[in-house]
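All remarks here apply to the structure that follows.
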Number of protein chains: 2
Amino acid sequence: MNENKETQILESLDLELRRGTIVLSVLSQLKQPQYGYSLVVLLEDKGFKIDPGTLYPLLRRLEKQELLNSHWDTEGTKPRKYYVLSDMGNSIYSKLTEQWLDVVKKINYLIRSEKDE
Amino acid sequence: MNENKETQILESLDLELRRGTIVLSVLSQLKQPQYGYSLVVLLEDKGFKIDPGTLYPLLRRLEKQELLNSHWDTEGTKPRKYYVLSDMGNSIYSKLTEQWLDVVKKINYLIRSEKDE
DNA sequence: TATCATACTGTACGGCACACACTATTGTCA
DNA sequence: TGACAATAGTGTGTGCCGTACAGTATGATA
């Protein structure tokens with residue numbers, strides 16, 4: 001009973017932890033064009049499960065913010081919408097990466113300094 | 001103009017990035033009892049600005065979830081509410097730390113693997 | 001004693017972003 | 001043909017943070 005509660009809290013905290021990193025992980029895979037479904041598979045392969053219902057709206061938002069360009073490929077059997085980093089997307093991605101590394105450094109410091117005592 | 005837009009997007013992404021880490025950073029400082037204001041100062045010293053209006057509700061939420069215990073100190077000049085990790089809080093904190101390290105590892109892998117090509 | 005700054009805690013509200021649970025379409029293969 | 005995979009999309013609910021504001025007590029100052 002208490003176990004369940006703890007597990008549940010942990011899950012939601014873990015969710016929160018991954019939340020902010022979603023954009024970063026998506027951007028990191030879009031130097032090469034990808035379509036939604038391929039991204040889901042690709043990220044899952046690398047350890048990131050992302051719900052399609054989360055990813056699709058995200059891609060559209062990022063396109064609207066002009067971090068991504070997109071085009072439809074109607075050649076193949078099925079129409080696919082490919083997304084790729086725009087110039088601004090590239091710029092933001094590299095800056096966001098720096099911020100990420102900064103956050104990691106600081107958190108690790110907090111975690112470690114508490115362990116040293 | 002475009003600079004502003006990019007800056008603005010970066011800021012909100014950065015915000016999102018730190019969001020999930022707030023709980024972790026707060027928990028990491030609560031092996032020793034702290035009151036709200038001292039936490040704000042402590043975290044700021046270590047590079048984490050956190051708005052009091054963010055922290056106070058957070059502390060109460062964590063207490064309600066029983067990750068923290070609290071008591072009022074009415075001895076001093078002003079009443080202060082001290083918070084400290086509960087047993088469950090301790091347990092969750094250490095598990096959350098592991099999850100954090102896992103996320104870091106995966107993200108770093110994503111970032112790095114894209115750079116290697 | 002009136003007033004002002006500062007330490008300290010608290011509440012209300014808005015907005016954003018994700019998860020989840022759907023719908024819809026097309027192709028494929030049994 | 002019927003079921004399932006691939007692919008894209010939408011709508012709703014919920015949680016959480018930031019911003020802004022309110023409130024109290026203390027000590028200083030004049």
Side-chain angles (χ1 to χ4, degrees), chain A residues 8-27 33-45 48-65 67-68 70-83 92 96 103, chain B residues 5 8-27 33-45 48-65 67-68 70-83 96 103:
Chain A
Q8 202 177 336
I9 292 179
L10 252 180
E11 264 172 32
S12 77
L13 288 178
D14 191 41
L15 220 60
E16 277 296 307
L17 216 49
R18 297 173 187 279
R19 238 182 100 145
T21 69
I22 291 181
V23 170
L24 185 57
S25 64
V26 167
L27 292 183
Q34 300 282 345
Y35 57 97
Y37 195 76
S38 71
L39 253 183
V40 171
V41 174
L42 188 61
L43 285 174
E44 173 132 25
D45 278 351
F48 275 84
K49 274 181 206 150
I50 183 170
D51 196 287
T54 298
L55 183 61
Y56 286 109
L58 175 62
L59 289 173
R60 295 161 137 266
R61 197 175 79 244
L62 293 176
E63 185 186 11
K64 198 164 144 202
Q65 292 178 326
L67 305 198
L68 302 181
S70 77
H71 71 274
W72 281 95
D73 178 6
T74 49
E75 294 291 309
T77 60
K78 284 191 185 178
R80 289 169 173 172
K81 193 171 184 184
Y82 280 85
Y83 293 90
I92 286 192
L96 190 58
V103 170
Chain B
K5 185 181 169 189
Q8 202 177 335
I9 293 179
L10 252 180
E11 263 172 33
S12 77
L13 288 178
D14 191 41
L15 219 61
E16 277 297 306
L17 215 51
R18 298 174 186 279
R19 238 182 101 142
T21 68
I22 291 181
V23 171
L24 186 57
S25 65
V26 167
L27 292 182
Q34 300 282 345
Y35 56 97
Y37 195 75
S38 71
L39 253 182
V40 170
V41 174
L42 188 60
L43 286 174
E44 174 133 24
D45 277 352
F48 274 84
K49 273 180 207 152
I50 183 170
D51 196 287
T54 298
L55 183 61
Y56 286 108
L58 175 62
L59 289 173
R60 274 194 268 116
R61 196 174 78 246
L62 293 176
E63 185 186 13
K64 197 165 146 201
Q65 291 177 326
L67 305 198
L68 301 181
S70 76
H71 71 273
W72 282 96
D73 177 6
T74 49
E75 294 292 309
T77 60
K78 285 193 186 178
R80 290 169 173 170
K81 194 170 184 183
Y82 279 84
Y83 293 89
L96 190 59
V103 169

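Letters A, B, ... mirror the listed sequences (proteins, then strands); counts begin at 1.
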*Measure from the side-chain heavy atoms of A:Glu16 and tell me the nearest of D:dC16, C:dA7, D:dG9.*
D:dC16
_Can you work out whether A:Ile50 or B:Thr54 has the more 5'-proximal nearest nucleotide on DNA chain C?_
B:Thr54
*Contact under 4.0 Å: B:Arg61 side-chain N or O vs D:dC16 OP1/OP2*: yes
_Residue mapping more 5' on DNA chain D - nearest nucleotide basis, A:Pro57 or B:Lys49_ = A:Pro57
*Any side-chain heavy-atom pair from A:Leu68 and A:Leu27 closer than 4.5 angstrom?*
yes
*asked:* OP1 or OP2 of D:dT10 versus the side-chain N and O atoms of A:Tyr56: is any pair under 4.0 Å?
replied: no
*Hey, does the side chain of A:Arg60 come within less than 4.0 Å of D:dG9's phosphate (OP1/OP2), counting only N and O?*
yes
*Which parts of nucleotides 22-30 of chain C does protein reach within less than 4.0 Å, heavy atoms only, written one letter per nucleotide 5' to 3' as B for base, S for sugar-phosphate only and - for none?*
----BSS--
*asked:* Any base atoms under 4.0 Å from A:Pro52, or only sugar-phosphate, or nothing? Heavy atoms, all strands.
replied: nothing
*A:Lys81 has an atom NZ; how far is it from atom P of D:dG9, in whole Å?*
5 Å
*d(CD, B:Gln8; P, C:dG15) in whole Å*: 15 Å
*Indicate whether OP1 or OP2 belonging to C:dC8 is found under 4.0 Å from a side-chain N or O atom of B:Tyr35.*
yes
*Spatial distance of atom OG1 (A:Thr21) from atom CZ (A:Phe48) [nearest 0.5 Å]*: 4.5 Å
*In whole Å, what is the span from the CG atom of A:Leu42 to the P atom of D:dT7?*
13 Å
_Side-chain heavy atoms of A:Leu24 within contact of B:Leu13, under 4.5 Å_ = no
*At under 4.0 Å, does any side-chain N or O of A:Arg19 touch on OP1 or OP2 of C:dC18?*
no
_Among A:His71, A:Glu63, A:Gln34, exactly one meets side-chain contact (heavy atoms from CB on, under 4.5 Å) together with A:Lys81. Which residue is that?_
A:Glu63
*Between C:dC16 atom C1' and A:Leu58 atom CG, what is the distance in whole Å?*
13 Å
*A:Lys64 NZ to D:dG9 P: how many Å, rounded?*
14 Å
*Return the value, rounded to whole Å, for the distance between atom CG of A:Leu15 and atom C1' of D:dC17.*
16 Å
_So, using side chain to side chain contact (heavy atoms under 4.5 Å, CB included) as the criterion, who are the partners of B:Tyr56 when residues are at least two apart?_
B:Tyr37, B:Pro52
*Mind checking side chain to side chain donor-acceptor pair (under 3.5 Å) for B:Ser12 and listing every partner two or more places apart, or none if nothing turns up?*
none
*asked:* Without decimals, in angstroms, what is the distance between A:Asp51 CG and D:dT12 C1'?
replied: 14 Å
*Give the rounded distance in Å between these two atoms: CZ of A:Arg18 and C1' of C:dA17.*
17 Å
*Determine whether A:Leu59 and A:Leu39 make a side-chain contact, defined as any pair of heavy atoms from C-beta on separated by less than 4.5 Å.*
yes
